[in-house]
Amino acid sequence: MRLSRRKVIGFSAAGAATLAIGGRFASAATPATDDIRRHALGYFGARGFVQTPPLGLITGYPFNDGLRYDESRMQYPQRNWFSIQYSARVDDIAGRNQPGVLAGFHIMAIGHPAPAAPGTLLTAVLEYLIAERKLDPTRVLFVSTELFKPHLERVARHGTNRFMQRSLAEAKAAGDGSGHFAPKGHPAQPSFATAGIYYAAPGLGPPSPTSYPPRGYIEIAEVPIPVNDGRQGETGNAGIGLERLAMAEGKPIPDFEQSRRVLLQMIEQEAKQSGKPLPPGHARFKAS
């Protein structure tokens, strides 16, 4: 994916906004992502999703060098829930020069008690992104496997019809969320069929993807999809990247180096507050 880097404003390690929810350090936000966060709290709250505190950034597990990889939990709330999870992935260090790749980032997670009617979260995410955030449906691209085909009619109701198919074997082997989510070694052991929701980068016409990952697109969300042609109830939760959504809307986001400085500050603050040792991921990002 190639895109001119946008000028970053209103963001610095010293001036990063912080939130504390339930006594747990939760987030550092840019003006753009904080605006989306506030809007999402009202939007999903009005639809019965209860705000749930995020998980700590320091996990204590060897996976991902001891840093929170995503919004996956060992136990999920037995209600419709919503949370903003701050995360970091050491593998992203290698992709630091790619637009939209950050050291620390926020995931907007929404979920519900399992099982639910097939397509519940897919519909909820599309209604939010298209009807509420006003993303152009003709710029949306779904990346998944043949298991997504029963949902093409459903997503077409939102004006979206662009679909890139990966083989099920390839998606399961990668486990990266564009067809199947199952990161190797993840302590929560998530494993479920998904669709990655991508958006044509601002300033570009929607290109025709020829290979994975699709060039010219930003991945902004991942949504679980039910299997067995929809006969099995839906499980899992959906995740929307706040910085990626801001980027899709043409708003400024930090670059990797700015987000790296904030991430190090956040790890150090959580270690001090919790009494936990600095995880190996801190040294990895510090040296990067």
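Throughout, numbering of the chain's residues begins at 1 and tracks the sequence.
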A side-chain contact here means heavy atoms from C-beta on lying under 4.5 Å apart; do [X] and [Y] qualify?
X	Y	value
Tyr128	Arg47	no
Ile267	Pro279	yes
Ile93	Phe256	yes
Leu67	Phe285	yes
Val50	Pro77	no
Leu41	Phe82	yes
Arg244	Phe105	no

Can you get from [X] to [Y] by hopping between Ile, Leu, Val, Met, Phe, Trp and Tyr side chains that sit under 4.5 Å apart?
X	Y	answer
Leu264	Ile58	yes
Ile197	Tyr43	yes
Ile220	Ile130	yes
Val223	Ile240	yes
Leu278	Leu263	yes

Between atom [atom1] of [X] and atom [atom2] of [Y], what is the distance when rounded to the nearest 0.5 Å?
X	Y	atom1	atom2	value
Leu57	His282	CG	NE2	10.5 Å
Ser144	Met164	OG	CE	11.5 Å
Lys251	Asp35	NZ	CG	5.0 Å
Leu242	Met108	CG	CE	4.5 Å
Asn64	Asp70	CG	CG	9.0 Å
Lys149	Ile225	NZ	CD1	12.0 Å

Say whether, by atom type as modelled, one donor and one acceptor occur between the side chain of [X] and the main chain of [Y] under 3.5 angstrom.
X	Y	value
Gln78	Tyr76	yes
Ser83	Gln85	no
Thr33	Glu243	no
Thr30	Ile253	no
Asp92	Gly95	no
Lys184	Ala173	yes
Arg139	Ala201	yes
Thr160	Val155	yes
Thr123	Thr120	no

inquiry  = With side-chain hydrogen bond (donor to acceptor under 3.5 Å, both in side chains) as the test, pick out the partner of Ser191 among His180, His186, Lys172.
reply    =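 It is His180; the other options fail the test.
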query = Any idea how Tyr198 and Tyr212 line up, ring-wise: parallel (<30°), tilted (30 to 60°), or perpendicular (>60°)?
reply =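 Ring orientation of Tyr198 relative to Tyr212: perpendicular.
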Closest non-hydrogen atom pair between [X] and [Y], with its separation:
X	Y	answer
Pro137	His158	CB-O, 3.4 Å
Pro99	Met247	CB-CE, 3.8 Å
Thr145	Gly179	CG2-CA, 3.9 Å
Phe142	Leu126	CZ-CD2, 3.8 Å
Val125	Ala238	CG2-CB, 3.7 Å
Arg166	Ala174	NH2-CB, 3.7 Å

Trace of the side-chain contact (heavy atoms from CB on, under 4.5 Å) decision for Tyr199 with Leu245 = CA-CA 9 Å; Tyr199 196 72; Leu245 177 54; over 6 Å; no
query = Is Lys272 salt-bridged to Glu268, going by a charged N under 4.0 Å from an acidic O?
reply =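 No salt bridge links Lys272 with Glu268.
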request  = Identify whether the distance between the nearest side-chain nitrogen and carboxylate oxygen of Lys134 and Glu249 falls below 4.0 Å.
outcome  =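 A salt bridge is absent here (no side-chain N lies under 4.0 Å from a carboxylate O).
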task = Measure from the ring center of Phe44 to the ring center of Phe49 and say whether it is less than 6.0 Å.
result =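 Aromatic pair counts; centres sit under 6.0 Å.
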query = Any luck finding a side-chain donor-acceptor pair between Thr59 and Tyr69 under 3.5 Å?
reply =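 Result is no, nothing qualifies.
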request  = Verify the distance criterion only: is there a donor paired with an acceptor across the side chains of His39 and Arg133 at less than 3.5 Å?
outcome  =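 Checked: His39/Arg133 side chains pair up, N/O donor to acceptor below 3.5 Å.
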